[in-house]
Structures are given as structure tokens and as C-alpha cells.
Amino acid sequence: MPRRPILIFPKGVNASYTKGSRPTFDAPKVNIRKQEKEFRQKWQDLRKDFHDFHLSDTISNSISEMVLVLEVFGTVDDFYKAVLETDELQFLGHEFDFTPIAVESDPDIEDDKGGLDPEYPQTSRVFLTLQNEQSLNKILSLWDSYVNKREFADRTNLFKNLFRLLKDVRLYSVEDRLRDTGFREYVAEMAQIDDSPILTEIELLIVNRKIRPGSITRRNGSIVLRPNSEETDWAGNQEVYERFKNLVEEYGGEVIAGSRTFIPEIRYHALAARIPLNLLHNLSNNTDVELLKAPQVIFFRPLGQYSWTGHLDEDLGDQSLNEINEEFLSTPEGEPIAALLDGLPLQNHAALANRLTIDSEGVDESQYPAADRVHGTAMATLITRGDLSDTSAQPLKHKLYVRPILVPGQALDGSAIEEFPRFKLPVDIIHRAVRRLFDGDAGEAPVAPGVKIINLSVGDPSRPFHHSMSAWARLIDWLSCKYNVLFIISAGNISSNIELSVSEASFISSTPEEVEQHLLKHMVSDNINRKILTPSESINAITVGSAQSDAGPDTWINAAGRLTLIQDKQLLSPISRIGFGYRGSIKPEILMPGGRKCFRKYAFNPNPDTTTILRIENFKFSKHPPGTRVAVPSTTGSLRDTGYLTGTSGAAALATRLACQIHEMLDALNSANPSAEQIPDSYYTVLIKALLVHGAGWGNSSRRLYDIIEAKPGVPPKFVKKHITPYLGYGLVDPQRVLSCTASRVTLLGWGDLMDEKAHEFLFPLPEALEGLSIEKRLTITLAWLSPTNWLSRKYRQARMYIVNITGRNYAGNGEILSFERKGVDWKTTRRGTVQHDLLVGDQAEVYVQDGNLVVKVDCRRDAPGLAKADLTKYGIAVTLEVNERTGIEIYEQVRDKLAGVRIRPTS
């Protein structure tokens, strides 16, 4: 069908805010006397451990602060506010176990039945800094007030709530410093090679200074104390660093010069160090190595994370590579709107020549051999050109800015890899690269201030996301808001073999559909080992998973026993990692084609009667399809070779390409539309984010997963859809649905700014062609925004936005009812992140007057504390109404023509 341009909503008008309530937990009933008896010994042990540490501290100039851990059942929201009101204690942080627990229903939402909810933690750990003896006495005094039922000061009353939930109390331990870091496995792996010192990222304690703002006098004469606040203690944090550096050196280690990174906005204070291997043989709480117990240390982590590894597919016969013909293609003229933070690409390759702006400041290209420039070359190809097997794909009109953040390296098996510089911290590298884009560096001007999209197809393989936001993800969330930029991040790949619980004989005789079923069952049962990699838990970024699809031919799929395992191209790839995200949010949000990954049956299975082992093809790239076709280095020096890539890196690159195409489409709309309908530049980011997700859908791909998850014990039927989202997100994206309209499908875009407890309404003119017809109508609504964050709060996200009136029935402006039923993603789960995407379907014969309008209402409310009443949060919204094109019913022109009348609506 002929393509038509997307339309613009009339300006949203102010509307009444819909105040809702939150699900609540019944406070546990506790016997305080019994609790006091249970914890009496724990508090005594705590005092003894505190004193013993200081008495035995023989390390010169060791800092006195220690960290107290309070483990609780559930959580006490915003407990940090009570800590602020004490002079002696400092709130350091918290961790949550978001294992789903039962919650009550929300009475303000008619279809909320309560139940298991991963937003609320089953347990949590609160970390407080004990600065000295007075700090210890303060927490003991507060406990004493609790067990003796004395009154708490108003602003410290949350201590009472926390003590009621108390599970354990202790000092921060070695185990805490290694929790979910992958450090033990990293040390064990390195010890197999030699006894060289271990390169380590060490996150340090942050010291703040309390500020008492005094009191205010109200009009009635009453005096009210203002709440305390904190500011960064720069000298104190320097002292933390210096004393730990001295400690490392006393133990024969080395702090890497210039590695210290301090970003107070995200509460990050870290350094890189070499730690002698002999100090790391015992990584338990019983170690006698004081360095591992240093009170300045919050976490030990591996350093030098890499993008991926692999080898060439030298066992597939034909060694020739496909070549590419570029003579007929135009070159881009526009300045960069997207940035690629990755490896150094082959900028002179025929597929990339004159399409890149390389910012190689600080990069020695002579030390980056052409043969090693694999990942950056592949990502640049997919962003600027798309899958080269797709003959309809056109190059982008803008150049791509590329900032190399990876360098050539060597894996443990000796193979070549691309990795982060081994003596630098990834958080510091990303921070400097983004700041250089928008603020410049060393007094220079910004290098690419027009960038709206940043591609990050790398991650930390040692840190799958389970509970707590990483510093890397917190950085991305902060940078997103600070610079109004959208990060697109790959979910991460799984590079291990697959062991199915089915005999080899049964597997060999299985149909392709049965093989797919075997694999999906394995993926569901193995979900704990398949979690997304840091930093893809970022709430403001779009995280991309890989669908088992590409534009390439089917040749070579069955060569040498190769198996694709999944036939449905809307399902995720066997190597694509899964969610949830933070607080049970949807991660990854979307799937994009990442190439069909192949496996082969392992010939030396020790248990063929009960299992089948499938060996992964762990290639950097393949000379043969399937996969997304990209530019690759050549062993002969040719600059025309191509190969085939699979994984979430490529999927994220294709999502970045689509984001750029959306940017170009918005530019075209602005060129064609009158000034009153033009989109301000500052709203491009949120509209691109909304439209990226707007084209996503499950199709029929969810049916198999639904049946498998429904059959699992302990999953009630009403929660099945919620547990599909970690695998599919909002679904595979159809780019054409967000770049244009058709006669039977019309999309409107809107944007605005909202403050806390404010709302906007948008009117979607309804076409007369649908009046009184019993045909299926589809309504797709996507809302996106960038939220400021508060790391002190469990809620983290400060701005919560949501579409209000789509919980079963939509209404029109003159009171007519439009009946729709929600399809796809669980509605409550859609409200957990910074994108809400809903698909509603109805087939009733609605009756409405000629001027009927669909009303779409956007509400904003504060979530985590810190969002002031006057703070504005930008959002973008996309709404699509469609009917099956086979009906022959055309609605686009009717909606477009009625928009003129709606635009004169007052904007009170």
C-alpha cells in the first residue's frame, strides 16, 4: 500500500490529575520482647567486633569508618531520610532481593487482582557508615528506644519501622564485598594461567558531610526544623583514597596511576589496582588478609571486560568471502545524530567509506591492527547500512560519530579479542566519552553536540543483573537526563553450550517444531543463568534483545550438521539474554534481528540416553550465512569483504539504525509541516524512544512460551503474561509501522512537559468509516520519557508517567464508549520503566457522533523522592489506530482532515 506521512496531535491540554494509591503490605506483627531477646547477642557481638577491629588495627593511618549491615524482611521505603536526621550515622546504600512476593490489589484500578509482584523486595540490606564510637552508640540507642517503646523523633521514626522488619545485624564482610561481582570466578580463572597480580576494580566508600539548614517560622508563629541534607566531603574522600592506596602498597600491590574515578552524582568512587595473587587464595570471611577486610572497600570486581570472543569458521568448507559493490550508493551529508562507542572500525572499507566521523583522540591507530577491527566495523555497518543482505536497505543520510572505547587484547586462550583498556575503569571511559560529545574536553568545543542516540553494544560479562543497579547503569541514567540523549544497549549474549533434557535418539527424530519446544523449555528452566548484562538494566536506555532472524539466505544452514533450533523469527535467539529489569521492569524492551544462531550436536556426549548436548558456533563472524551480513577485515588486505554476525550487539546496532531513520523521518515532517505542527528539537529524543517501541509486538510468538510457563508449578494463570516479558520484551519491531502510515493505519505523535501531579489530554479524531462496523480495530499507544533518578531510594525512578484511561474501555470526547481489550504485555509490568506500550483490540460496532474523539490522558507523579513540584519531565507519545487492510476501509484521510477542527481546542 502507498505510504503516508505520520500525523501530529493537536497540542495536549491540561487535564485533572488522576490520583491513585499504591498497593500496601500489612506490617508484620512482632513480639518486641521476643525480638529483643533474639537480637541481644547480635548487638553484643556487633559491639565486640567493632572494638576488636580497632584494637587489632596495626595498619598505619587506617581510616576508622566501618560499614553496618541491617538485613530486613521486605523494605522500608526512603529510610535514608531518617538517617539524614542523625549526626552520627551516614546512609551508604542498599541492596534488594526482588524475588516476587504477594501484594494487595490497587483499589483504584478495576482489573488489578493483586498477587505476586517483583517490584517489591522480599528482603533488603541497608548499609550505614559507623564513623566512630558515637555512631555505634547512636544505633544502639535507637534500638534501645525501640525495644523499650520510647517515642522517636518525627524524622527518625523510620528506624522503628526498620527494626520491626529486622532479620540480621552485622558488620560489612568479605562476602558482602564480593556479592554478585564474579570476582571469585575471575581470580580462579586467572590463577590457572600464572601467578601474576590480579587486575581489580575496587569501589570505595564515599564520605558526605551533613548540612543542617536551620528552622523556618510559619505564618502562625510555629517554628519548624528544615530536614537535613548532605554535600560531598571532597577532603574526606581524598583521605579514603590515600589511606587505601597506602594499604595496597603495604601489601605489595599497586594502584594504577590516574585510575581513580569520583562521580558524586551517581555515588561512584573507584580505582584500578594490581593485587598480588597470593593474597586472594582465601576469599572467605575467615581470611587473615586485612586488605580484603579494609573498611574503605565496598566491592572488588574484575577489570578489563571485553565485548566478545570467538574464532573463524574454518571448518565450513569454502573459504571465499562475499564482496560488496558500492558504486551506486550516495554518501551522507548531514552531521552526526548518533554516536557509536565501540571498537575502531575499518573506516576505509567499501561499505563504510565517507560514512563515519572517527574521533580517535587518545587512540593509537597504529596499535590497532586492521585484522582486529571486527566489532566496531560490524556495528558501524549495521547502523549506517543495515543488514547487507537486505537489498532494499538505504544508507543513512547522516554520518555516524565513532568514539573508540575498546582496544585489541588477548583472551585467556590466546585468541584475539577487543576489550576495554585493562588499566582504566569502564565507568570512567564512558563518562569521558559522553562528556566529550556535549561539553568538550580540556577546554575544547563539544565534538558532536547534535547527537541524540548513543549505541553501546558492549557489557560486563562478569556481572549479570539480578537485584542492584550497577554504577555503570546509574551513569547512563544520569547522562541520559543531563544531555537529553537516548542510549541503545545490547542485552548481552550467552556463549555456552546447551544441554537439553532429552535423549539423542529422541532429539534426532524430533520435528523442527519439537526441537524449538525442547529449546524453549530449556531456556525457561535455565532463566537464572541467562540474565541481561550490566549496564543494560539502565531504566532510561532502550535495551535490545536478539530475535532469531536476519535478511540472509537459507543456504549453509544445514551444512556440517548445523542447526538453527528456533524457526519462529519473532522469538528470541538462543544466545540472547533475558530480563527482568530493575523493580520487575521490562528488559529488554524490544527485539531486533540479530541473526540466526547455529549449533551442532556434540559428538562426545557422556549421557546420550538422557541428554543432548548442542555445541555453539562461537564465531567472531562467519564466512557463510545465516546471520546479519556486515563488513569484515580481510586476511588479504581487501576492503570489500563481508561476513555474517549473530548476537545482541548487531540487534542493538539495527535498533540504533532505526532510531536514526526515525530522526530523519521527524526532520522530513518538520520540513513539510507548518510551524505550528513542527517538533521542537528538544523532544526528538523522547519521540525516537517512543517510536522505537511503538512498532513492537508479540505476534504469535508468545503462544509456545505461554504454554511452557503456564505449566510450571507456582505460576498462577494471571501471571503468565508477566513472565513472558523477560524473553520477548514488547516484541520484535516492525520498522515500517513507525516510519509511515497507510490508508488503513494512522499514527499520531504528541509531546509535552509535565510536573508532579499534572496531566495532559490528547484528542485522536475518530474516522466515520468505522462507525457501526463490527470489525477488528487495533489501538496501539506508546508513552516514553527520560526520568531523573535517586539512587538513595528503592524506587530509584523519580518521574512516573502513565496512560490513564486504557484499562478496558476507552472513551470519546462526547461520552461515547469505545470497547477495547488489552492484548500482549501485562499492564502493570508496562508501568515499571520509562516506556509504556499497550496494544488494545476491539471488534464491537461502536456508535459515535461525527465529531467524536478518542481521549488519551497522560499523568505524571513523583515516584522516588527528589522530584520538585516545579520540575518538568519531557515525554513523547505515539498512538496508532488501524484496521486490517484486507477490509478495504480507509481511515487515514478522514483522521487527517478532522485534525484541523480539533486543533482549535483551547489549551487552558
Side-chain angles (χ1 to χ4, degrees), residues 174 176-205 240-241 244-245 247-249 251-263 266 268-281 283 289 291-292 294 296-309 341-343 362-363 375 404-413 416-433 456 458-465 468 470-476 492 533-535:
V174 174
D176 292 310
R177 293 176 175 89
L178 304 180
R179 185 190 300 270
D180 293 335
T181 63
F183 189 69
R184 278 195 178 88
E185 295 78 4
Y186 172 67
V187 170
E189 191 173 21
M190 299 303 292
Q192 296 297 316
I193 303 172
D194 55 34
D195 58 356
S196 299
I198 303 296
L199 268 174
T200 308
E201 175 187 356
I202 300 168
E203 191 168 342
L204 299 177
L205 185 75
V240 168
Y241 166 72
F244 181 71
K245 179 175 179 290
L247 182 59
V248 171
E249 292 171 352
Y251 271 93
E254 175 193 5
V255 171
I256 306 301
S259 68
R260 184 194 178 207
T261 302
F262 186 49
I263 310 175
I266 63 167
Y268 184 71
H269 186 195
L271 55 82
R274 288 190 181 95
I275 305 297
L277 179 61
N278 65 292
L279 300 179
L280 304 176
H281 292 319
L283 292 176
V289 178
L291 178 65
L292 298 176
Q296 302 95 336
V297 175
I298 304 301
F299 290 113
F300 294 97
R301 294 194 180 97
L303 183 61
Q305 298 92 333
Y306 51 82
S307 54
W308 46 230
T309 60
L341 308 184
D342 209 281
V363 178
H375 201 260
I405 61 171
L406 303 179
V407 297
Q410 192 175 67
L412 298 180
D413 62 2
I417 61 173
E418 293 174 89
E419 62 182 357
F420 281 105
R422 295 201 172 189
F423 302 129
K424 295 182 180 180
L425 301 179
V427 169
D428 184 40
I429 293 171
I430 301 299
H431 183 214
R432 290 175 182 271
L456 196 60
V458 294
D460 184 348
S462 69
R463 191 170 183 188
F465 174 72
S468 299
S470 66
W472 197 349
R474 297 199 306 270
L475 174 76
I476 288 170
L533 297 180
T534 287

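Since we're looking at a predicted model, the values are computed, not measured.
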Which is it for L292 and V297 under the side chain to side chain contact (heavy atoms under 4.5 Å, CB included) test, yes or no, and what are the steps along the way?
-> CA-CA 8 Å; L292 298 176; V297 175; over 6 Å; no
Taking it one step at a time, do I430 and L456 satisfy side chain to side chain contact (heavy atoms under 4.5 Å, CB included)?
-> CA-CA 10 Å; I430 301 299; L456 196 60; 3.8 Å; yes
Side chain to side chain contact (heavy atoms under 4.5 Å, CB included) between L291 and L247, worked out = CA-CA 7 Å; L291 178 65; L247 182 59; 3.9 Å; yes
Begin with the C-alpha distance, continue with both residues' side-chain angles, and end with the deciding distance and a verdict on side chain to side chain contact (heavy atoms under 4.5 Å, CB included) for I266 and L475.
-> CA-CA 6 Å; I266 63 167; L475 174 76; 3.7 Å; yes
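In this structure, the side chains of I298 and L204 stay at 4.5 Å or more apart for every pair of heavy atoms. Between L178 and F299 the shortest side-chain heavy-atom distance does not fall below 4.5 Å. Side chains of S259 and K424 form no contact here, defined as non-hydrogen atoms less than 4.5 Å apart. Annotation: side chain of P426 is not in contact with side chain of D460 (no heavy-atom distance under 4.5 Å). For the pair E249/E254, no side-chain contact is recorded, criterion being any heavy-atom separation below 4.5 Å from C-beta on. Considering only heavy atoms from C-beta on, H431 comes within 4.5 Å of I263 through its side chain. The side-chain heavy atoms of L406 and V458, taken from C-beta on, include a pair separated by under 4.5 Å. Proximity of D180 to F465: side-chain heavy atoms (C-beta onward) are nowhere separated by under 4.5 Å.
The two atoms that bring G252 and P276 nearest to each other are O-CG, 3.6 Å, heavy atoms only. For the pair A272 and L303, the tightest heavy-atom approach, listed with the atom from each and the gap, is CB-CD2, 3.5 Å. Between R274 and V248 the shortest heavy-atom distance is O-CG1, 4.4 Å. Pairing each heavy atom of L533 with each of P461, the nearest pair is CD1-CA, 3.9 Å. Taking all atoms of both residues into account, the shortest heavy-atom contact from L280 to I198 is CD1-CG1, 3.7 Å. The two atoms that bring I202 and A273 nearest to each other are CD1-CB, 3.9 Å, heavy atoms only.
The CH2 atom of W472 sits 8.5 Å away from the CD1 atom of I429 when rounded to the nearest 0.5 Å. We find the OG-CD distance between S470 and E203 to be 9.5 Å, quoted to the nearest 0.5 Å. Distance CZ/F244 to CZ/R260: 13.0 Å, rounded to 0.5 Å. With rounding to the nearest 0.5 angstrom, the CG atom of D195 is 11.0 Å from the CE atom of M190. Annotation: the span from R463 atom CZ to S468 atom OG amounts to 7.0 Å, rounded to 0.5 Å.
Checked against T200 for a side-chain contact (heavy atoms from CB on, under 4.5 Å), the options I256, T181, I275 give a single hit: I275.
Between the side chain of R184 and the backbone N or O of L283 there is at least one donor-acceptor pair closer than 3.5 Å. Within the 3.5 Å criterion, the main-chain N or O of I417 finds no donor-acceptor partner in the side chain of Q410.
Applying the 6.0 Å contact sphere to CZ of R432 captures no more than 12 heavy atoms from other residues, nucleotides or ligands.
F262 is linked by a ring pair (Phe, Tyr, Trp, His ring centres under 6.0 Å) to W234, H269, counting only residues two or more places apart in sequence or in another chain.
For the pair R177 and F300, the NZ or CZ position fails the cation-pi test of under 6.0 Å to the six-membered ring centre and within 45 degrees of the ring normal.
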